[in-house]
Amino acid sequence: MEEDIRKQFPQLQIHQDLVYLDSAATTLKPQSVIDSISKFYTHGYATTSRAVYSASMKATEKMEASRMAVKEFLNAQKVEEIIFTQGTTHSINMVAYAYGRKHIAKGDEILITEMEHHANILPWQQLCKEVGATLKFAVIGDNFELDMEDFKKKLSSKTKLVAITQMSNIFGSINPIKEIAKLAHSYGAVCLVDGAQSTAHFSINVQELDVDFFCFSGHKIYGPTGIGVLYGKYHLLEEMDPFVTGGDTVDKVTKSDSIYYSPPKKFEAGTPHIAGVIGLKAAIDFLKQQDRGKLLEKKLSLLNTLANKLQSKNSIELYNSFPLKTPILTFYSKKIHPLDLATLLDIKQIYFRTGKLCSHLSMYHAKRDSLIRLSLGMYNNQEDIDAFLNAFNALL
Ligand SMILES: Cc1ncc(COP(=O)(O)O)c(C=O)c1O
């Protein structure tokens, strides 16, 4: 199965020795995504929305076809609920700025967790500083999963917003989003979900989850960098002020004021990343062709077996809950510092992530200054795992 998949990723064909174990940071790109971008720049390049000539109208049609593909991918109710952004970081900042500054005030609380990526901490920290609200953190339990009892205790009628990741980029843990959204709503809070990690592995149904905002990045689901999505329930988007202002967001401008378009246009100022939007649709089309459930099972089996082998060494500490539910394996070796390991294995073209992994609070929980994270994409196979383990063992 993976051989057919591997053939679709030119980087793996060109660099036959490459062992890419960093898909949680960003995934490699299939040929179909690369071709869609190249085709646009080579054959059909033009701006969108502003012009009436046919190439521009075609580019606009492509952009809107992509929006429809995202709507179906997330099972949003309306296509207008899909906003193109630069990525998850940009999407969360947009909500913190455009929703937060309007609806969150002194004395209110925002509840997040200790396992958040900095992208889902800093925008809230900044907002709280500005408006005088309090940022609260639900703690991580002993098994590297969210402590739901602590989460429930910290939720109150003061909570105006809950922002939480669906899948931890450090421990790979999965949070019960449907339950969390229901709890948030029972206190009148809105719920934003960071889907940066989960969207590559699981099908997302925003209506079923009943979340208010959902964010993800194209580059983590086999699509291009610089493009991402903010899904928001339409009534919430409608009452939000724009985040970035400028061309293509307004119906009428006078010297004293302006009338903005309805969502999504009022949030998409400036010439969009058209090639990115087109590439995102190609990535979604590519994902739809795969049996994602089967691929996830395969990846989990590869990593669970590796974890068993690592666990037999006294010098290794693992930082996941087992059996794994997502293809992330995080560990520490007392015999070799993570940064030294990454530098030495780089010589063999074995790529993986080490360090604080953009989540200092998770690091405090792990009580380490640096960890080793192996994360798999649909192209990884047994040879990749063996190559890592052999190279690692040779250094011990
Ligand atoms: C859980 C999580 N949230 C947010 C982000 C930020 O995504 P981006 O850098 O694409 O904006 C990442 C990236 O690693 C992540 O893992």
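Note that ligands are numbered from 1 as they come in the structure, with each ligand's atoms numbered from 1 the same way.
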- Quick one: does NZ or CZ of Arg6 land under 6.0 Å from the six-membered ring centre of Tyr379, within 45 degrees of the ring axis? no

- Message: Donor-acceptor check, side chain of Arg373 to backbone of Ile328, threshold 3.5 angstrom: yes or no?
- Response: no

- Item | Ion pair check, Glu130 and Arg101, cut-off under 4.0 Å | yes

- Query: With Met68, which residues qualify under side-chain contact (heavy atoms from CB on, under 4.5 Å), at least two apart?
  - Reply: Lys71, Glu72, Val79

- Does the ring of Tyr261 carry Lys266 above it, NZ/CZ under 6.0 angstrom from centre and within 45° of its axis? no

Quick check for students: name every N or O atom pair between ligand 1 and the protein closer than 3.5 Å, with distances.
residue, atom, partner, partner atom, Å
ligand 1, 3 (N), Asp194, OD1, 3.2
ligand 1, 3 (N), Asp194, OD2, 2.5
ligand 1, 10 (O), Ser217, OG, 2.7
ligand 1, 10 (O), His219, NE2, 2.7
ligand 1, 11 (O), Thr88, N, 3.4
ligand 1, 11 (O), Thr89, N, 2.9
ligand 1, 11 (O), Thr89, OG1, 2.6
ligand 1, 14 (O), His117, NE2, 3.4
ligand 1, 14 (O), Lys220, NZ, 2.5
ligand 1, 16 (O), Gln197, NE2, 2.7

- Item | N/O donor-acceptor pair under 3.5 Å between Thr326 side chain and Gly172 backbone | yes

